[in-house]
Amino acid sequence: MGRVTSDTTATDAAAQHAPEPPGAPPVWQRRLRRFGLPARPQTDVRARLVPAFPEPSGRLWAVFGAGPEAAARLTRWSGWAGPLLVALFAGVLRFWNLGSPRKVIFDETYYPKDAWSLLQYGYEGTWAKNANDALVGHPPQLLLSPEHSYVVHPPMGKWLIAVGEGLFGMNPFGWRFMVALLGTLSVLLVCRIGRRLMRSTALGCLAGALLAVDGLHFVMSRTALLDLIVMFWVVAAFGCLLVDRDRTRARLAGALPVGPGGVPLPDEGVGGRLRLGWRPWRIAAGLCLGLATATKWNGLYYLAAFALMAVLWDVAARRTAGARHPFRSALRRDVLPAFGATVVVALATYLASWSGWIATKGGYYRDWATSPEGRTGHWTWLPDWLRSLWHYQTEVYSFHTGLTTPHAYQSNPWSWLVLGRPVSYFYEDPKAGQDGCTAAEGCAREVLALGTPLLWWAACFALLYVLYRWLFKRDWRAGAIVCGVAAGYLPWFLYQERTIFLFYAVVFVPFLCLALAMLIGALIGPPGSTERRRTIGAVGAGVLVLLIAWNFIYFYPLYTGMPIPKSAWHHRMWFDTWV
């Protein structure tokens with residue numbers, strides 16, 4: 001009897017120390033299952049690496065009388081046709097009457113003028129004090145001199161604004177053109193990103209449509225500021241990384257061995273040692289992140305966050321493919337190439353954006369290295385232009401970290417998600433008969449950088465939902481959205497004493513819309529739900545989307561500077577902090 005017990009104990013001990021089969025869940029996950037953590041569904045390993053797009057149904061087109069072949073063809077085209085239609089809608093909204101107000105509004109007093117100066121000299125010159133009024137005068141005047149001026153943002157965004165000015169002239173339409181174009185293209189990108197992320201054309205188009213009717217994104221798309229340009233490159237980088245993720249995982253899936261019955265099996269050799277080769281989409285992401293940083297420095301936070309996220313995606317892909325030590329495998333095979341494709345490419349892009357300043361001799365601090373101060377130190381062996389540029393960057397950093405001058409519209413980041421203190425870009429109160437005002441009481445004209453309230457407040461709940469999906473359901477899609485919000489939002493909490501504004505949040509608005517689209521998809525119900533469940537969910541989701549659209553229409557006059565009666569303006573000031 002004792003011999004049987006000792007043999008059994010030895011067998012159990014051997015089983016505990018036996019190597020785990022490839023693809024087995026980690027020990028910590030198996031332990032957490034005792035407390036209710038759900039096990040990952042057992043599916044084809046290739047399907048886990050690259051989930052297929054659901055086969056679309058042609059029933060919608062059949063309702064409109066299309067035959068089976070036509071319905072199938074229209075369904076295939078919807079992956080591009082739907083996003084293009086949503087982007088067309090967004091473009092019409094943004095370009096309609098783009099030159100109004102015909103004023104230099106808010107921080108347009110800086111960037112359009114700097115952009116025009118870059119076209120003329122390759123660096124930022126000096127404008128006369130009355131230059132704003134002269135620009136919109138009759139006739140307009142350009143009161144610019146070649147004397148260099150001190151600017152605190154990199155030049156890339158201003159070069160893009162300069163493209164519109166070169167095409168259409170130094171006028172409100174010209175300096176807002178490229179920002180409106182990038183705002184429109186960002187809607188297209190979000191549609192396609194949402195489709196790839198959630199494997200649903202409908203939800204992708206919904207995310208893009210939500211972005212199209214967000215008030216903050218709309219106002220920023222019609223104003224020549226830099227933040228929307230940063231947002232565009234961040235979204236483009238995110239899309240590039242998604243494509244790279246799918247292609248990389250498809251490469252791993254294609255290399256897996258096939259077992260009995262044609263079922264692909266996890267493999268230690270493939271998961272742990274396969275080189276993933278040339279990854280052009282990751283390099284494209286590095287280029288986009290470099291362009292974001294070369295517009296405003298907050299792009300650096302996205303560079304760090306997205307580079308880390310991409311490596312973690314590689315770790316997860318290798319684990320799924322069968323790697324026994326996925327972190328070690330990713331460290332050996334993926335980290336160094338990822339660093340080169342993102343950080344090195346982004347740094348090179350940032351340096352290239354300063355080419356106009358480098359190539360000319362009149363820019364601010366351009367000749368610092370040849371001054372008595374610049375000739376001292378341990379780095380005099382470096383090129384003069386590089387030392388001058390580095391000195392310029394340190395001075396800019398000191399400016400940004402020390403900016404505490406009070407401003408009437410500054411706000412704390414704690415209040416951003418609930419739209420505590422929007423920024424007024426432009427305000428006039430014309431009397432009856434002036435500037436299109438027909439109300440006897442007089443009118444108000446305002447451009448208010450206010451997000452669509454119902455969209456943002458619903459997005460607060462959507463953020464809680466994606467956090468839940470990421471932390472408790474291990475949904476990588478939710479984690480990617482959280483990363484996109486966190487990289488654009490959380491860093492500002494480090495600078496709460498600095499003068500900062502709500503419109504900085506436009507950089508992560510696309511990720512709020514993706515989160516809300518994901519929540520709405522959950523409201524509608526997953527595939528396989530009962531008809532009653534999906535009907536109730538679709539009605540609730542439809543009501544929410546219609547309310548958001550109505551909310552955008554209601555505030556539309558405040559987004560475009562339309563003259564409305566004073567009483568109507570007061571009705572739209574829902575909170576005292578909006579005034």
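Numbering starts at 1 and runs along the sequence shown. Values reported hereafter were calculated over all heavy atoms of this structure, with side chains retained and with hydrogens, waters and symmetry mates removed.
- Applying the salt bridge (charged side-chain N to carboxylate O under 4.0 Å, His left out) test to every pair with at least one member in residues 232-243, sequence neighbours left out, gives no pairs at all.
- F218 does not carry R94 over the face of its six-membered ring by the limits of under 6.0 Å from the centre and within 45° of the normal.
- Here the two cysteines C240 and C288 have their SG atoms 2.5 angstrom or farther apart.
- Remark: A307 engages T342 in a side-chain contact (heavy atoms from CB on, under 4.5 Å) (not counting sequence neighbours).
- For the salt bridge (charged side-chain N to carboxylate O under 4.0 Å, His left out) condition, no pair includes a residue of residues 128-152, sequence neighbours left out.
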Exercise. Could you walk me through whether S117 and L144 pass the side-chain contact (heavy atoms from CB on, under 4.5 Å) check?
Worked result: CA-CA 8 Å; S117 181; L144 172 65; 4.1 Å; yes

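- Side chain to side chain, H217 and T452 fail the donor-acceptor criterion of an N or O pair below 3.5 Å.
- Side-chain contact between D227 and K296: present, with at least one pair of heavy atoms (C-beta onward) separated by less than 4.5 Å.
- Of the N and O atoms on the side chains of W116 and Y111, not one donor lies less than 3.5 Å from an acceptor on the other residue.
- In this structure, a donor-acceptor pair under 3.5 Å is present between the side chains of H400 and R498.
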For this session: Quick one: do V213 and I553 satisfy side-chain contact (heavy atoms from CB on, under 4.5 Å)? Show the steps, please.
Result: CA-CA 9 Å; V213 297; I553 294 169; over 6 Å; no

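- Using modelled atom types, one finds no donor on one side chain facing an acceptor on the other under 3.5 Å when comparing W159 with S353.
- Residue R421 qualifies as enclosed at atom CZ: its count of foreign heavy atoms under 6.0 Å is above 12.
- For the residue pair E446 / Y559, no side-chain donor-acceptor distance below 3.5 Å is found, with atom types taken as modelled.
- A donor-acceptor pair shorter than 3.5 Å cannot be found between the side chains of W127 and N132.
- Checked against the 6.0 Å centroid criterion, the rings of W574 and F555 qualify as a close aromatic pair.
- Aromatic rings of F95 and F177 (six-membered ring for Trp) have centroids within the 6.0 Å cut-off, being under it.
- The side chain to side chain donor-acceptor pair (under 3.5 Å) analysis of residues 500-517, with sequence neighbours excluded, yields no pairs.
- Residues M309 and F238 have side chains in contact (heavy-atom distance under 4.5 Å, counting atoms from C-beta outward).
- Remark: R192 is positioned above the aromatic ring of W80, its terminal NZ or CZ atom under 6.0 angstrom from the ring centre and at most 45 degrees off the axis.
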For this session: Decide yes or no on salt bridge (charged side-chain N to carboxylate O under 4.0 Å, His left out) for R445 and E428, but give the supporting numbers first.
Result: CA-CA 5 Å; R445 294 184 65 201; E428 285 183 348; 3.5 Å; yes

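- Listed by chain and residue number, Y121 satisfy the ring-ring contact (aromatic ring centres under 6.0 Å, His included) test with Y123 (two or more places apart in sequence, or in another chain).
- For the pair D384 and R387, the salt-bridge criterion is met [side-chain N within less than 4.0 Å of a carboxylate O].
- For the side-chain contact (heavy atoms from CB on, under 4.5 Å) test with V230, the passing option among V506, N298, V235 is N298; the others fail.
- Counting heavy-atom neighbours within 6.0 Å of W414 CH2, excluding the residue itself, gives a total of 12 or less.
- For the salt bridge (charged side-chain N to carboxylate O under 4.0 Å, His left out) condition, the pairs that include at least one residue of residues 170-182, sequence neighbours left out, are E108-R176.
- Counting heavy-atom neighbours within 6.0 Å of W390 CH2, excluding the residue itself, gives a total of 12 or less.
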